[in-house]
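Data first, discussion second: the structure below is written as C-alpha cells.
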Protein chains: 2
Amino acid sequence: MMVSTKGRYALTVMVDLARNAADAYVSLSDIAEREDLSMKYLESIISTLNKGGMLLSLRGKNGGYKLAREPKDYNINEILLLTEGTLAPVGCIMQDGVHCDKAATCSTLPLWAGLDGVIENYLSNITLQDIIEGNRKKMLGDYCDNCESN
Amino acid sequence: MMVSTKGRYALTVMVDLARNAADAYVSLSDIAEREDLSMKYLESIISTLNKGGMLLSLRGKNGGYKLAREPKDYNINEILLLTEGTLAPVGCIMQDGVHCDKAATCSTLPLWAGLDGVIENYLSNITLQDIIEGNRKKMLGDYCDNCESN
DNA sequence: AATTAATCCTACCTAAATGGTAGGATTTAG
DNA sequence: CTAAATCCTACCATTTAGGTAGGATTAATT
C-alpha cells in the first residue's frame with residue numbers, strides 16, 4: 001500500500017475543513033466525530049499538516065484549525081507527500097536524489113521512474129476543490145461509468 | 001511503498017530470463033549470481049511466478065526455469081499483481097470487490113479509484129519486451145529527458 | 001547404482017513500519 | 001478561575017518486509 005491511513009486521514013481532514021470552511025476555526029473533536037475517526041490519532045496527523053503550512057491553528061478555548069488557502073489552491077500530491085514522506089512506488093526511487101548503486105545499468109529503473117511520474121502527474125492535477133465538488137470526470141477519467149461524454 | 005522487493009525482484013528475474021532466453025532452462029543460481037541477489041530469497045519468489053503460470057520449470061540436474069510465453073506477451077501489471085497480491089494504492093480499494101462500509105458516501109473514493117486506474121493502465125501497457133529493448137520513450141513518456149521528440 | 005545439481009517445500013526469524021493509545025503541559029475565551 | 005482547545009512526548013501491539021535454514025525430491029551424468 002502506497003498511501004497509509006496517515007495520508008488518507010490527512011486528506012479526509014483537509015476535505016472536511018474545506019467543506020466546513022466558513023471563516024471560523026474548527027475543532028479537531030468536531031472533525032473526528034463527523035468523520036468517525038480517532039481524535040487522538042488525528043492529532044498527530046493534523047500536527048504534520050499544520051507544521052507543513054497547510055493549516056492555520058488557534059489554541060485555547062474556541063480554537064481549532066482552518067485552511068491556510070482556498071481549496072482550489074491545494075493539490076492532492078502536496079498533501080499526501082507531506083504526510084507520507086514519499087509517494088514513490090518503489091524503494092529505489094528517492095525524492096532527494098539518493099539512489100541504488102546499480103542505477104546506471106538498471107533496465108527496470110525507467111519503468112519505476114515512469115510509474116512515479118504517472119502517479120505524481122495524476123495527483124498534482126487534482127485539487128481539494130475537485131474533491132468537494134465531486135468532479136468524478138476529472139478523478140476517474142476514461143474509467144468513469146457515469147460521467148458525461150463531454 | 002507500493003511495490004516491495006518481492007515484486008521488484010520478480011520483475012528482475014523475468015527480465016533476466018527474457019534476456020538469457022535461448023531455449024534452454026536457466027538455473028536459479030545463475031540468475032541470482034548475474035543479478036546479485038540472494039538465491040534463497042529468489043527461490044520463494046520464483047515459486048510464485050512458476051505456480052502462477054508465468055514460467056516453465058524442469059527439476060533435477062541441468063534443470064531450471066524459462067519463460068512460458070514470448071516477452072512481448074507479458075505485461076508488467078500481471079507480473080507485479082501475481083507477486084504483490086495487489087497493487088492498490090490504498091487499503092480501501094480491493095481487487096475482489098470487498099470495500100469499506102462508508103464507500104457509498106465517501107468523497108475521496110473516486111480519487112483512489114482514479115489513481116488505481118492510472119497505475120493499472122500504465123503497467124498494463126508495458127511489456128517485458130519493452131524493458132529488454134530499453135524502450136525509454138514508452139516507459140518515461142513525456143518525462144523522458146533524452147527521448148526523441150517523435 | 002551412485003553422485004551431483006537442480007527444484008521444491010516448510011518452518012523460522014529479525015527489524016521496521018503501521019496504526020494507534022496515554023497522559024499531561026500550555027494556551028485562551030468567557 | 002474554569003473549561004475547552006491545541007501541543008508535545010512517550011509508549012505499545014500487531015503486521016509486513018526481507019530474508020535464512022534445512023532438508024526432501026527429482027533427474028542427468030558417470
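Labels below follow one simple rule: chain letters A, B, ... track the order of the sequence lines, proteins then strands, and each chain is numbered from 1. It should be emphasised that the depicted structure is a prediction, and the values quoted were computed from it without experimental measurement. We use all heavy atoms of the structure for the numbers below, so side chains are in, but hydrogens, waters and symmetry mates are not.
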Calculate the interatomic distance between M39(A) atom CE and dT21(C) atom P; express it in whole Å.
12 Å

Under 4.0 Å between a side-chain N/O of S27(B) and OP1 or OP2 of dT7(C), yes or no?
no

Who pairs with E133(A) by salt bridge (Lys or Arg N to Asp or Glu O under 4.0 Å), at least two apart in sequence or on another chain?
none

Could you report the tightest heavy-atom contact between L55(A) and M14(A), atom names first, then the distance?
CD2-SD, 3.8 Å

Can you check the E35(A) CD to dG20(C) P distance for me, whole Å?
15 Å

What's the CG-C1' distance between L55(B) and dC8(C), to the nearest Å?
14 Å

K138(B) atom NZ, neighbour heavy-atom count above 12 within 6.0 Å:
yes

Which of these nucleotides, dT25(D), dG22(D), dC7(D), is closest to any side-chain atom of E43(B)?
dG22(D)

When the distance from CD1 of I46(A) to P of dC7(D) is rounded to whole Å, what number comes out?
9 Å

Which atom pair, heavy atoms only, marks the closest approach of G134(B) to M139(B)?
C-CE, 4.2 Å

Specify the separation, in whole Å, of atom CG of L42(A) and atom P of dC7(D).
14 Å

For K40(B) and S29(B), take the nucleotide of DNA chain C holding the closest heavy atom to each; which residue's nucleotide lies nearer the 5' end?
S29(B)

If you compare all heavy atoms of I126(A) against all heavy atoms of I131(A), which two are closest, and at what distance to 0.1 Å?
CG2-CG1, 4.5 Å

Check whether any side-chain heavy atom of I46(B) lies under 4.5 Å from a side-chain heavy atom of L28(B), and answer yes or no.
yes

Within residues 9-17 of chain B: residues closer than 4.0 Å to DNA chain C (heavy atoms)
none

So if I take every side-chain heavy atom of K61(A) and compare against dA3(D), dA28(D), dC8(D), which nucleotide ends up nearest?
dA3(D)

Is there a side-chain contact between W112(B) and L115(B), using heavy atoms and a 4.5 Å cut-off?
yes

Got a donor-acceptor pair under 3.5 Å from the side chain of R59(B) to the base of dT7(C)?
yes

4.5 Å side-chain heavy-atom contact, L67(A) and L128(A):
yes

Looking at side-chain heavy atoms only, is the closest gap between T5(B) and R8(B) below 4.5 Å?
yes

Going by side-chain heavy atoms closer than 4.5 Å, which hydrophobic residues are tied to L140(A), directly or by a chain of links?
none

Between G60(A) and S44(A), which residue's closest nucleotide on DNA chain C lies nearer the 5′ terminus?
S44(A)

M2(B) atom CE is separated from dT16(D) atom P, nearest whole Å, by 18 Å

Run the salt-bridge test on R69(B) and E78(B) with the 4.0 Å N-O cut-off and return the result as yes or no.
yes

Starting from P on dT26(D), measure out to OH on Y25(B) and report it in whole angstrom.
17 Å

On the nucleotide dG19(C), are OP1 or OP2 found under 4.0 Å from the side-chain N or O atoms that S38(A) carries?
no

Over how many whole Å does the gap from I31(B) atom CD1 to dA6(C) atom P extend?
12 Å

Just jot down the ring-ring contact (aromatic ring centres under 6.0 Å, His included) partners of Y74(B), sequence neighbours excluded, or say none.
none

May I ask you to list the residues of residues 62-70 of chain A, by number, that have any heavy atom positioned under 4.0 Å from an atom of DNA chain D?
G63(A), G64(A), Y65(A)

Every protein N/O within reach of nucleotides 11-18 of chain C N/O, cut-off under 3.5 Å:
none

